[in-house]
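First up is the structure itself, then whatever we jot down about it.
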Amino acid sequence: MYLGIDLGKKTTGLAISSGQFATPLKTLTHKSTPEAIEKISAICAQESVDKVVLGFVEGKIKSIFLDFAKKFKDKNPTIEVIMVDETFTTRQAQESMIKLQISKNKRLKKEHEIAACIILQSYLEEHQ
């Protein structure tokens, strides 16, 4: 079971897959990295996740993603953490929802889990 993560400072999108196709799961809100790790760890246990696909952005903020990955792995040593470049996934998610004529209000609520879905789906397509 795979879990895709679009990590944000206060909002994190999640997607899940047990096969070839990723499905949006939910959007979490959190105040800190430790809180995000706690919430995501609980979902991983509940969904029997064995691989996490974490999107990251190159540049100055990459250290935030590396720090998250390390702390998540320390708490969940049996879960493999795979990092993939997620540049432009939020924009892709927004554009997809606009094409589907989803209202702006709903887009704002769903864009992170749709971005997580894009991250996970692109990983699955490259590695299966």
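Note that these values count all heavy atoms, side chains included, but never hydrogens, waters or copies made by symmetry.
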Residues Ala116 and Gly13: closest non-hydrogen pair is CB-O, 3.3 Å
Within a 6.0 Å radius of atom NZ on Lys26, are there more than 12 heavy atoms belonging to other residues, nucleotides or ligands? no
Are Leu14 and Phe21 connected, step by step, through hydrophobic side chains (Ile, Leu, Val, Met, Phe, Trp, Tyr) whose heavy atoms are closer than 4.5 Å? no
State, with a plain yes or no, whether a side-chain heavy atom of Glu58 is found less than 4.5 Å away from one of Asp85. yes
Contacts of Asp67 meeting salt bridge (Lys or Arg N to Asp or Glu O under 4.0 Å) (sequence neighbours excluded), chain-then-number -> Lys71
Would you say the side chain of Thr12 lies within less than 4.5 Å of the side chain of Thr27, judging by non-hydrogen atoms? no
Separation between OG1 of Thr33 and NZ of Lys70, rounded to the nearest 0.5 Å: 13.5 Å
If you round to the nearest 0.5 Å, how far is CD1 of Ile114 from CG of Asp6? 10.5 Å
Is the shortest side-chain heavy-atom distance between Ile82 and Val52 below 4.5 Å? no
Side chain to side chain contact (heavy atoms under 4.5 Å, CB included), that's the test. Do Ile16 and Met1 meet it? Break it down for me. CA-CA 7 Å; Ile16 196 149; Met1 187 70 77; 3.7 Å; yes
For the side chain of Gln121 and the backbone of Gln20, is there at least one donor-acceptor N/O pair under 3.5 Å apart? yes
Heavy-atom distance under 4.5 Å between the side chains of Met83 and Val53, does that happen here? no
Distance from Leu124 atom CG to Lys51 atom NZ, nearest 0.5 Å? 10.0 Å
For the side chain of Ser122 and the backbone of Ile119, is there at least one donor-acceptor N/O pair under 3.5 Å apart? yes
Taking atom CD of Glu113 and atom CD1 of Ile5, what is their separation to the nearest 0.5 Å? 13.5 Å
Quick one: does Phe72's side chain get under 4.5 Å of Val81's, heavy atoms only? yes
Got a second to check how far Cys44's SG is from Asp50's CG, nearest 0.5 Å? 9.5 Å
Kindly indicate whether the side chain of Phe68, heavy atoms from C-beta on, has any atom under 4.5 Å from the side chain of Phe56. no
Beyond-backbone contact of Leu54 with Leu7, side-chain heavy atoms, under 4.5 angstrom: yes
Please list all pairs passing the salt bridge (charged side-chain N to carboxylate O under 4.0 Å, His left out) test where one or both residues lie in residues 34-46, with sequence neighbours left out. Glu35-Lys39, Glu38-Lys75
Please examine the side chains of Leu25 and Ile43, heavy atoms only from C-beta on, and report whether any two atoms are closer than 4.5 Å. yes
Can you tell me how far the CG atom of Leu3 sits from the OG atom of Ser41, to the nearest 0.5 Å? 10.0 Å
